[in-house]
Amino acid sequence: MAQTERSPALDQIVDLVTYPIDQRGSDRYSMVVAAAMAGLRSQGCAVIKDLIRPEAIARMNNEIAARKHTTHFSTDSINPYFHTSVDPQYPDHHPVNTFIERSSGFIPGDSWDETCSIDALFRSPELGAFLADCLELPELHCYADPLAGLTANILDPGQQFTWHFDTNEFAVTILVQEAAVGGEFEYYPAIRSPTDEGFDTIAALLASADAANQIEGVHSLDLRPGDLQIFRGRYSLHRVKRVAADSVPRHAAIFAFTEQPDVIGRVERTQQLFGRVLPEHTAAELVRVRSDTLID
Ligand SMILES: O=C(O)CCC(=O)C(=O)O
Ligand SMILES: [Fe+2]
């Protein structure tokens with residue numbers, strides 16, 4: 001792969017005519033932000049259709065394909081909190097003791113370099129400011145975790161990413177390659193809150209999770225390559241449905257941001273998702289500040 005290219009410019013990546021994220025304060029910018037804000041307020045989710053130009057999506061998919069050998073694939077049986085073992089404090093069939101297959105892989109943050117469109121978009125100040133406006137936050141910082149900040153989630157044929165909560169308050173995802181069959185993103189908005197674990201609703205949802213029909217309260221997104229999704233995954237239970245055995249893989253770029261600078265992920269989950277930790281993770285474990293007291 002040629003490594004001599006320069007960092008791609010924002011107008012080569014984003015459809016700035018339809019979505020002038022570089023024109024903060026323009027009428028069109030305000031309209032786009034207002035629409036995203038409305039989705040985030042009511043559903044904890046906003047989708048910006050075709051934000052990424054088709055050529056850039058093709059390029060991003062090539063970037064992912066070129067790094068696919070660095071994917072850390074793992075299969076485990078997780079509860080919605082990413083734990084893998086029974087907690088005897090809770091009864092059987094409680095969400096804490098309900099474990100479902102998660103099988104997928106992540107291309108880690110240290111696989112990308114500054115020539116990548118994916119990396120350039122993640123680090124663009126315009127995108128950060130735009131997302132902060134959509135999320136009604138004063139500012140956003142790229143998640144400083146060297147592995148989990150910028151990832152691609154890979155679901156090979158036959159894999160699924162079962163129901164879970166994210167550790168981060170929200171995530172930003174770009175679908176880069178869709179599965180031919182399966183791989184839909186489903187979520188239940190605000191099923192828990194900082195003060196309420198919502199266990200009863202979660203238990204009911206997990207019990208019916210393999211029902212053929214749509215589960216009441218669950219939203220299914222019709223995402224296409226090039227769409228950007230902003231999602232409050234800390235409070236909304238969500239999953240990526242199984243990719244059919246004869247499908248192409250599903251590729252999604254995942255951008256993580258934090259309200260505070262210099263945030264680093266937890267050792268246990270880093271090990272679980274990437275199969276390794278870096279010295280930064282071990283050091284950060286000692287000085288951790290949490291924003292709430294939810295299980296995880
Ligand atoms: O691949 C996606 O669309 C999101 C997967 C997900 O929920 C996660 O990585 O936490
Ligand atoms: Fe998630």
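Predicted model, so just to flag it, every value in this text is computed and none were measured. No hydrogens, no waters, no symmetry mates; every other heavy atom, side chains included, goes into these values. Whatever order the structure lists them in is the order used to number ligands and atoms, beginning at 1.
- Counted by atom type alone, T167 and R266 present zero donor-acceptor pairs between their side chains at under 3.5 Å.
- Closest to atom 4 (C) of ligand 1, if we only count protein heavy atoms, is I254 CD1, 3.9 Å.
- Taking every heavy atom of N153 and a limit of under 4.0 angstrom, the matching atoms of ligand 1 come to 1 (O), 2 (C), 5 (C).
- With hydrogens and angles left out, the side-chain atoms of R192 and T201 include no donor and acceptor closer than 3.5 Å.
- The OH atom of Y235 sits 14.5 Å away from atom CD1 of I191, with the distance rounded to the nearest 0.5 Å.
- For H164, the closest heavy-atom approach to ligand 1 falls below 4.0 Å.
- The closest side-chain donor-acceptor pair between D262 and H141, if any, does not fall under 3.5 angstrom.
- For the Fe ion (ligand 2), the nearby protein N/O/S atoms, meaning those under 2.8 Å, are H164 NE2, D166 OD1, H238 NE2.
- Of the residues listed (F99, F82, Y187), the one engaging H164 in a ring-ring contact (aromatic ring centres under 6.0 Å, His included) is F82, and it is the only one.
- Heavy-atom contacts of F106 reach the following atoms of ligand 1: 9 (O) (cutoff under 4.0 Å).
- Residue contacts with ligand 1: R250 is placed with a nitrogen or oxygen under 3.5 Å of a nitrogen or oxygen of the ligand (distance criterion only).
- Ligand 1 places these atoms under 4.0 Å from at least one heavy atom of T173: 3 (O).
- Geometrically, ligand 1 and D166 share a nitrogen or oxygen pair separated by less than 3.5 Å.
- Taking every heavy atom of H238 and a limit of under 4.0 angstrom, the matching atoms of ligand 1 come to 7 (O).
- With a 4.0 Å heavy-atom cut-off, ligand 1 is reached by the side chain of V240 but not by its N, CA, C or O.
- Summarising the local packing, CD of E136 is surrounded by more than 12 heavy atoms from other residues, nucleotides or ligands at distances under 6.0 Å.
- Taking the charged nitrogens against the carboxylate oxygens, D76 and R102 do have a contact shorter than 4.0 Å, which makes a salt bridge.
- Atom CZ of residue F106 and atom CZ of residue F73 lie 10.5 Å apart, to the nearest 0.5 angstrom.
- Defined by atom type and a distance below 3.5 Å, a donor-acceptor pair is missing between the side-chain atoms of R67 and S111.
- A distance of 6.5 Å separates CD of E126 from CD1 of I21, quoted to the nearest 0.5 Å.
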